[in-house]
Amino acid sequence: MRVILPILACILCAGIVLATGTNKDGFLAGNAAAQWLPPFFWAGVTNLGNTSGAFCLIAPTLARWPRCAAAALLTAPFGALYTHLIKRLADLPRPAKVLPLETFQIIDSQLSWYSFPSGHSLTAFALAGILVFCTRRWLAWFALPVAMLVAFSRIAVGAHWPLDLLAGAAGGWATAALGCTFSARWRFWENLHGQRILAGMMFLCALFFVFEDTGYPRGLWMQYLLCAVGIAGALHALWRPVASRAQGTS
């Protein structure tokens, strides 16, 4: 039920948006409401949905729940396939291609095509799903609101329609379930060698993210913060891996 219900909720909401024809109006209303907060805030929040940023966020869990990093690694191919395949097949225009530019706010990047689904929303909900499925259920109270905020930031920066967010959220939750299922079968994350490989990969990903152009220069503050979190989390896991601590060694 933890897998099915959120996906059904997204499908239901998408059905309501389609039936009422409120995709455009919902975007404009959400974008206008978001202008109560400064652009640098939304640019930073949207960087949380960057794939490299998500790996940085998962790095600190290595020291306690190494399965999360393994699940994230296994989820990534499913998420990429879901997002890019549907984007190319649908080839739908973004708000900047449809609406007059003076009617809404665009923060930093003006994007025109490949709107459906939202990749940032997928990443945010995939990360939330991994934390819910692989750690403690109480984390849902934190992970899900953050994922929803990241998804909404795509409206705030003028990049996506509401339907894009719902499709991305459903895809993210579903691919997280797949990643967690495979991580339960391929338990390479349980041994010391596997944990060190994961920590090394997280470290390289965080290092790469320092130089990545996300398209949101006003969100650099979040990008650099995520890099610091990812590097610190990976180094801590290399120094104190779970298997090593369980044996009482350094």
Side-chain angles (χ1 to χ4, degrees), residues 6 9-10 12-54 56-57 83 87 90 92-129 140-173 209 212-226 229:
C10 289
L12 176 61
C13 290
I16 293 172
V17 171
L18 287 171
T20 57
T22 54
N23 197 38
K24 184 185 296 184
D25 291 340
F27 167 79
L28 289 171
N31 186 270
Q35 293 178 38
W36 285 94
L37 291 171
F40 79 86
F41 173 81
W42 292 116
V45 171
T46 215
N47 273 339
L48 286 168
N50 183 285
T51 302
S52 298
C56 289
L57 278 175
T83 303
K87 277 183 182 290
L92 293 177
R94 294 178 188 255
K97 196 69 176 178
V98 176
L99 302 174
L101 298 182
E102 66 272 12
T103 60
F104 66 100
Q105 171 182 250
I106 295 178
I107 298 174
D108 291 335
S109 295
Q110 181 179 317
L111 305 172
S112 299
W113 291 101
Y114 301 124
S115 183
F116 184 88
S118 165
H120 283 68
S121 299
L122 182 144
T123 300
F125 275 86
L127 182 59
W141 294 102
F142 172 76
L144 288 175
V146 172
M148 288 187 281
L149 184 66
V150 173
F152 179 75
S153 76
R154 302 308 289 158
I155 289 178
V157 300
H160 281 289
W161 308 100
L163 284 176
D164 303 340
L165 312 187
L166 293 167
W173 201 259
F209 194 39
E212 183 177 345
D213 180 11
T214 66
Y216 295 95
R218 279 182 276 191
L220 277 173
W221 63 274
M222 179 64 78
Q223 184 175 347
Y224 292 151
L225 178 61
L226 289 172
V229 168

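Two residues are said to be in side-chain contact when any heavy atoms from C-beta on lie closer than 4.5 Å; Lys24 and Leu99 meet this criterion. Side chains of Leu48 and Leu57 form a contact here, defined as non-hydrogen atoms less than 4.5 Å apart. With contacts defined as side-chain heavy-atom distances shorter than 4.5 Å, the pair Asn47/Leu220 does not qualify. Annotation: side chain of Arg218 is not in contact with side chain of Phe41 (no heavy-atom distance under 4.5 Å). With a 4.5 Å cut-off on side-chain heavy atoms, Thr46 and Val150 do not count as touching.
Across all their heavy atoms, Phe209 and Cys56 have their closest contact at CD2-SG, 4.0 Å. Summarising the geometry of Ala124 relative to Ala147, their closest heavy-atom pair is O-CB, 3.6 Å, with the distance given to 0.1 Å. Minimum heavy-atom separation, Phe152 to Ala34: CE2-CB, 3.9 Å. When every heavy atom of Asp108 is checked against every heavy atom of Gly215, the shortest pair comes out as CB-O, 3.4 Å. Taking every heavy atom of both residues into account, Gly49 and Thr123 meet most closely at O-CB, 3.2 Å.
Lys87 places a side-chain N or O within donor-acceptor distance of the main-chain N or O of Pro117, the cut-off being under 3.5 Å. A distance-only check finds a donor-acceptor pair linking the side chain of Ser118 to the backbone of Ser121 [under 3.5 Å]. A donor-acceptor pair is defined here as one N or O able to donate and one able to accept, closer than 3.5 Å; such a pair exists between the side chain of Asn23 and the backbone of Leu163. The backbone N or O of Ile155 sits less than 3.5 Å from a side-chain atom of Asn31, completing a donor-acceptor pair. Between the side chain of His160 and the main chain of Ser115, a donor-acceptor pair closer than 3.5 Å is present. Of the possible donor and acceptor atoms, one in the side chain of Thr214 sits under 3.5 Å from a partner among the backbone N and O of Tyr216. Under a 3.5 Å cut-off, the side chain of Arg94 and the backbone N or O of Tyr114 do form a donor-acceptor pair. For the pair Gln105 (side chain) and Ala156 (backbone), a donor-acceptor distance under 3.5 Å is present.
Between Phe116 and Trp161, the distance from one ring center to the other does not fall under 6.0 angstrom.
To the nearest 0.5 Å, atom CG of residue Leu127 and atom CG of residue Leu122 are 11.0 Å apart. Atom OH of Tyr224 and atom CE of Met222 lie 14.0 Å apart (nearest 0.5 Å). Here the CD1 atom belonging to Ile106 is positioned 5.0 Å from the CG atom belonging to Leu101, to the nearest 0.5 angstrom.
Each of Phe40, Trp42, Trp36 was evaluated against Pro38; a single residue qualifies, Phe40, per the side chain to side chain contact (heavy atoms under 4.5 Å, CB included) test.
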Checklist entry - Given Asn50 and Gln223, is the side-chain hydrogen bond (donor to acceptor under 3.5 Å, both in side chains) satisfied, shown in steps? => result CA-CA 9 Å; Asn50 183 285; Gln223 184 175 347; over 6 Å; no

